[in-house]
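Letters go in sequence order (proteins before strands), and every chain restarts at 1.
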Number of protein chains: 2
Amino acid sequence: MRISALAAEAGLPVATVKFYLREGLLHAGTATSATQAAYDESHLRRLRLVRALLGPVGLSVQQAHAVLQLVDDPGDDLYATLGRAVSALPPAAAERGDASDPFPRARAALAALGQVYDPDFPAVAQLEGALAAAESAGMPISAERLAHYGRALSDVAEFDLARMPDEPHAAVEYTVLGTALYEPVLTALRRLAHQDAAVRRLRGAG
Amino acid sequence: MRISALAAEAGLPVATVKFYLREGLLHAGTATSATQAAYDESHLRRLRLVRALLGPVGLSVQQAHAVLQLVDDPGDDLYATLGRAVSALPPAAAERGDASDPFPRARAALAALGQVYDPDFPAVAQLEGALAAAESAGMPISAERLAHYGRALSDVAEFDLARMPDEPHAAVEYTVLGTALYEPVLTALRRLAHQDAAVRRLRGAG
DNA sequence: ATGATTGGATAGTGTTACTCTCCAATATTA
DNA sequence: TAATATTGGAGAGTAACACTATCCAATCAT
């Protein structure tokens, strides 16, 4: 398969495929001569993944590159790799404040939930940022709400973890792509559940 | 309070505050002369909200404008206003396909969950887009997983709905800002719950 | 043999979210 | 009151981003 066929199958302009090659989002084809290379199914699959990450998931090219690199070759330390990979995904995290207690809101929240607090895990900074944003926007999150949310999402996490593959490479792919691809599903489902509940409530009232 | 004081309190350059005024994200101050205007607490609160929407929540200026306009004056139809407001938030939705069945994946998913399917509600298109992205990236979402996620988020929705104010204006503000500000909290909590579950699992194994 | 296509490089485009500069009118300070 | 600073408003400029277009000599297809 040459580049024009690849681009056509993926539904992209050739120029865009070349751009992804240059940016390292897509591995090069096998050269068959000085001015020709062959592409296969793996390139097509990768292109579809790239499009999903750049489009619906909303990653930048840089973020997608970071994520794909970790999926392609995860290091020895599975735990650290997962942390790094997930930190490449939006939303943006808070900067760490006071050195002795960099993420006070997140620390308190996790303590209340009875969960591990590790300031080096990037999602902690994300939680801090999200809590701080809600607070500064005048809609702070109550402990009660946090507890409720935490319970619901622990439930989701248990489900996901139970289905995580054992083999490290597959585990990283599952975790990273699962986070990137399934989070939008979760937010859409939340909104729809809201709508559903609202409709039932209006019906009951009307 | 003049513009320089307002900007200083909000921690923003004066030029940026002027930019928000131009873009309609911030209401004008009350003019005290041809070249002076006074700003008050309401402007400061609004600036904090705008920063939260543009920063951690990740809205574009356009999206933030749309959201704020609906919060500022919601129409008569509460249900339609909420739909419109939430549709202004990311992630991007799928385009509707075949006219007779524009969102097949979302329709099937909602049927399985026993929830209302209304193709005009924008979150349906978001769900379709997210499901399609996962599928085309090679990680389709099983019915089992969807059911599990749906249950967990219905739980979240029930909690939120029970706390929704009765007065229409307040209800729109609660729903829209709640969605914008609390969704990042939910995704952060999901990631942390994963980490927590993973740590416990590694500990158990090691 | 001849026209089209390729990989590779470089430059250009449209969008977004600011940021800078300028202005005459007004405030503040000396 | 004179000198200096700041204001609201408008327009142009900028940096990052994700492509997109153009060009080239080498090669392929017919």
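- Distance B/L53 CG to C/dA17 C1': 15 Å, rounded to the nearest Å.
- Within 6.0 Å of CD on B/E41 lie no more than 12 heavy atoms contributed by other residues, nucleotides or ligands.
- With hydrogens and angles disregarded, no donor-acceptor distance shorter than 3.5 Å links the side chain of B/H43 to the backbone of B/A38.
- Applying the ring-ring contact (aromatic ring centres under 6.0 Å, His included) rule to pairs touching residues 157-190 of chain B yields A/H148-B/F159, sequence neighbours excluded.
- Within residues 35-45 of chain A, the residues that place at least one heavy atom under 4.0 Å from DNA chain C are, in residue-number order, A/T35, A/Q36, A/A37, A/Y39.
- Inspection of the A/T179 and B/R190 side chains reveals an N or O donor paired with an N or O acceptor under 3.5 Å.
- In terms of modelled atom types and a separation under 3.5 Å, the side chain of B/D155 and the main chain of A/A152 share no donor-acceptor contact.
- Within the 4.5 Å cutoff, no side-chain heavy atoms of A/Y39 are placed close to those of A/L47.
- A straight line from CG of B/L21 to P of D/dG9 spans 8 Å, rounded to a whole angstrom.
- Contact between the side-chain N/O atoms of A/S33 and the OP1/OP2 oxygens of D/dA26 is not found at any separation under 4.0 Å.
- Atom CD in B/Q63 sits about 12 Å away from atom C1' in C/dT16, given to the nearest Å.
- Between B/L12 atom CG and C/dA17 atom P there is a gap of 15 Å when expressed in whole angstrom units.
- Rounded to whole Å, atom P of C/dT6 lies 11 Å from atom CG of A/L6.
- Within 6.0 Å of the CD atom in B/E23, the count of heavy atoms belonging to other residues, nucleotides or ligands exceeds 12.
- Distance B/H65 NE2 to C/dC18 C1': 17 Å, rounded to the nearest Å.
- Rounded to a whole Å, the CE atom of A/M1 is 13 Å from the P atom of C/dT6.
- You'll find the side chain of B/E183 stays beyond 4.5 Å of the side chain of A/L186, heavy atoms only.
- The side-chain heavy atoms of B/V185 and A/L146, taken from C-beta on, include a pair separated by under 4.5 Å.
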Taking N or O atoms only and anything under 3.5 Å, show me the protein contacts with nucleotides 17-20 of chain D, one pair per line.
{"unit_1": "D/dA18", "atom_1": "OP1", "unit_2": "A/V61", "atom_2": "N", "d": "3.3"}
{"unit_1": "D/dA18", "atom_1": "OP2", "unit_2": "A/V61", "atom_2": "N", "d": "3.4"}
{"unit_1": "D/dC19", "atom_1": "OP2", "unit_2": "A/Y20", "atom_2": "OH", "d": "3.4"}
{"unit_1": "D/dT20", "atom_1": "OP2", "unit_2": "A/T16", "atom_2": "OG1", "d": "3.3"}

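- Rounding to whole angstrom units, CG of residue B/L47 and P of C/dA17 are separated by 16 Å.
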